[in-house]
J.: 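Provided herewith is a single structure, encoded as structure tokens, for subsequent inquiry.
Note that the coordinates shown come from a computational prediction; the quantities given were computed from them, not determined experimentally. Proteins come first, then strands; the chains are lettered A, B, ... in the order of their sequence lines, and each starts at number 1.
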Amino acid sequence: MYFVSKPEIDAPFKSAPLLAPAAAAPEAHRYFINAPTDFLSIGGLSLFLLAALSYLFPSAHPVPDQLYRFSTALLWLGNWPHFAASSYRLYHTRSNIEQYPLTALWVPLVVLTGVIASLASPYVLGPFFVKLYLIWSPFHYSGQSLGISLIYARREGFLFGKLERWSLTGFIFGTFLAANARAETSLQMRSFYGILYPGFGMPTFVADALTWAMYACGTVFILCALRWSIRNRRALPLMVGLPAIAQFAWFVIGNSIPSFNAFVPFFHSLQYLLIAWAMQMKEAMQEKEAQPSGNFVFSETAWWSLGIFLGGILLFWVLPRVGTLAGIDLNIAEPIIIAGVQIHHFFVDGVIWKLRNPKVRSPLLVNIEDLIRRPIPAI
Amino acid sequence: MKTNLIALCCLFWLGSGFTSAAAYSSETEQERVVLRTSQGNLILRLYPDSAPKHVEQFLKLVRLGVYDGTFFYRVDSGFMVQVCDAKQRSLPLTPEQTQAIQPIPAEFNSRLHRRGTLSMSRWPDKPDSAETSFSIFLADAPHLDGKYTVFGTVESADEVLEAIRRVKVDNEKRPQQKIEIIKAESVQASDVPTLTASAAEQQGLAPELAVCSAALLFLSGLLTYGLSRYRLAKAVEAWGQIVALAGLLVLVTVMWQTYRQFSPMIGTALFAATIGVFMLLSRFESPK
């Protein structure tokens, strides 16, 4: 999921003072579900796991195979369905397709061209197609983390001025830039499902500079948060900073814990699924003109979950095997087709989750109470 | 009668063994191993007649992908370059690969250690300890003749071996940049000509021309996007974004194919360009 960049977030907040006195939102509207569930989904679970794994399996400690197998199983349950969820959201109504015709109709052709070219040239073009996806992926994670911070800030009444926005953006994207630049200082070949691709061989001082810039941005944001807290006499709600903290844990601290790295895609997907679920429930309720009820939410959740689970299997398990019917080795088809599916996802998410669009913004402020309890009629 | 029958069977068995060995040798002589290294492709011709067990084991390991991700850990410019033990490669070996690695009995033969010779490495005091590490000689080494198993030679043009030789090394002859065997594969001798040329050469383009074309493609995408922000339709803007993305992909690929490594400055520029294109794509199909 990729939310908005600077100009798009300007519009709704333009009239707001730099740091408006904020009243806390009613309890129900501060979260999608409730405090513990939101906390765990948005990053809390990843922080707990990081603490546990860094204690049990520090960097030099051999990691048991079972742990890797468990993280692979989670791909089926979290990661693959989250890709299917974004495709479902774009393609399940005609109006969505008409709203984003380039993304819905032309981008798949562009990505397919890249996939076919890479399959035809797996040792020349393939490595860089895969590398493109691998650099894009954490960039995309960062966009999602920033977007989620903005949603919770809005729910909590923390209004972003320019300094807050820039420092938070700098910190969140800085975690990915610093970690990636550090990895790219090596010329060593690395492997993605057996496709080997080279590093850029960047100088170490670039990675160092990006790391310092990340910490500088983080410090500025903390100072802004302190100023806000003093003015409003309440601490900055944790949920506003949690995506940034989680991102720091994933890319900076977790980088040195090999056993943790395998779980990061799942945590990114968990964030996504919470948001996509809320959006799906709200939209389904409007489309079907259904009244809020527990039964509706339960049945809609069940169908949606089943659909995206099967969709995930189709995209990540079936599609690569379809490639083998054309005589392509699965070891080549799998990494390249998976990279293609994810690049398509990055395009789609960049378009469908623009907070400037009121159709997107409004459902993202929903709470489960809105979905299961009927409003009390006015007398 | 019974003795004659047994003798016949033995003769038949021996004969079939010789026939299949000859057929194997002939088939293997038509095979080549391509080492796709970060410095270019090396084509290896093997000597099944001189070192049949070494050749058989080497081909088996190549087919299983054991050499993929290994690297040249020693570059002695006046002597030889040596490939690391497969257990040292960046990717862990699979159980099947680990099981396939077995010590090979020595097959010292009359082949000489000359420039381009493939010689299997072993522990000095254990003749039968060869496993996966081997050397490619950069100069004649007569003092090793008959003491190490020669099992093949480099058949491709000298330039790749020369590029490996020129890599800077430290005091212990360890290369300062990683020279990786990205992929090792066995091919038929008839397929070799298409493998020795770089991708740019195969397309009939001079390497510099290919790099410039890709750079122009990338820049034309950026220009189209930049202009379209002001005057042109949304579809043209999207076209510019896609061309910039495709141009970047082609540029990185062609540069790697041409130069086989990125200098620190070029690497940084490509990384920055990649991030720039992602930022540009975050505005894909957004309202003007």
J.: In terms of the angle between their ring planes, are B:Phe278 and A:Trp136 parallel, tilted or perpendicular, with boundaries placed at 30° and 60°?
T.: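 Ring orientation of B:Phe278 relative to A:Trp136: parallel.
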
J.: How about B:Tyr73: does its OH atom have over 12 heavy atoms from other parts shown lying under 6.0 Å from it?
T.: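 Atom OH in B:Tyr73 is packed in, count exceeds 12.
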
J.: Determine the minimum heavy-atom distance between B:Thr253 and A:Val124, stating which atoms define it.
T.: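 Shortest heavy-atom contact: CG2-O, 3.2 Å.
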
J.: What pair of heavy atoms forms the shortest contact from A:Gln99 to B:Glu285, and how long is it?
T.: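 Distance-wise, the nearest heavy atoms are O-OE2, 4.2 Å.
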
J.: Examine whether an atom of A:Phe176 lies under 4.5 Å from a heavy atom of chain B, and if so say whether it belongs to the side chain, the backbone or both; otherwise answer neither.
T.: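 Side chain of A:Phe176 only, per the 4.5 Å heavy-atom cut-off to chain B.
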
J.: Under a 4.5 Å cutoff for heavy-atom pairs, which residue among A:Ile135, A:Thr185, A:Asn180, A:Val206 has the most contacts with chain B?
T.: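 Greatest number of close heavy-atom pairs with chain B: A:Ile135.
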
J.: Identify the two heavy atoms, one from A:Ala181 and one from B:Phe271, that lie closest to each other, and give their separation to 0.1 Å.
T.: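 So the minimum-distance heavy-atom pair works out to N-CZ, 4.1 Å.
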
J.: Once salt bridge (Lys or Arg N to Asp or Glu O under 4.0 Å) is applied, do any residues pair with A:Glu98, and if so which ones, sequence neighbours excluded?
T.: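 With sequence neighbours excluded, A:Glu98 shows a salt bridge (Lys or Arg N to Asp or Glu O under 4.0 Å) to A:Arg94, given in chain and number order.
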
J.: Could you tell me the separation between the OG atom of B:Ser282 and the NZ atom of A:Lys354, rounded to the nearest 0.5 Å?
T.: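 The distance works out to 6.0 Å.
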
J.: Any chance you could measure A:Glu184, atom CD, to B:Leu270, atom CG, to the nearest 0.5 Å?
T.: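 CG of B:Leu270 is found 10.0 Å from CD of A:Glu184.
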
J.: Using every non-hydrogen atom in the two residues, find where B:Pro264 and A:Pro203 come nearest and quote the distance to one decimal.
T.: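 So the minimum-distance heavy-atom pair works out to O-CD, 3.5 Å.
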
J.: Give the minimum heavy-atom separation between A:Pro198 and B:Phe262, together with the two atoms involved.
T.: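 Heavy atoms only, the tightest pair is CG-CE1, 4.5 Å.
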
J.: Test of understanding: with ring-ring contact (aromatic ring centres under 6.0 Å, His included), list the residues that count as partners of B:Phe284, not counting sequence neighbours.
T.: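 Testing B:Phe284 for ring-ring contact (aromatic ring centres under 6.0 Å, His included), a comparison that skips the adjacent residues, returns A:Phe347.
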
J.: Please look at A:Pro101 and chain B and tell me whether the side chain, the backbone, both or neither of the residue comes under 4.5 angstrom of a heavy atom of that chain.
T.: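 Backbone plus side chain of A:Pro101, per the 4.5 Å heavy-atom cut-off to chain B.
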
J.: Looking at A:Leu177, A:Val107, A:Thr113, A:Asn331, which has the largest count of heavy-atom pairs under 4.5 Å with chain B?
T.: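 Option with the top pair count is A:Leu177.
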
J.: Sort B:Ile266 into side chain, backbone, both or neither according to what part of it lies under 4.5 angstrom from a heavy atom of chain A.
T.: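 Neither part.
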
J.: Tell me, for B:Thr274 versus chain A, whether the close heavy atoms (under 4.5 Å) come from the side chain, the backbone, both or neither.
T.: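 Contact with chain A: side chain only.
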
J.: Would you give the length of the straight line joining atom CH2 of A:Trp106 to atom CH2 of B:Trp239, rounded to the nearest 0.5 angstrom?
T.: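 So the gap between those two atoms works out to 9.5 Å.
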
J.: Going from CG on B:Leu245 to CD1 on A:Ile343, what distance comes out if it is rounded to the nearest 0.5 angstrom?
T.: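 One gets 7.0 Å once the value is rounded to the nearest 0.5 Å.
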
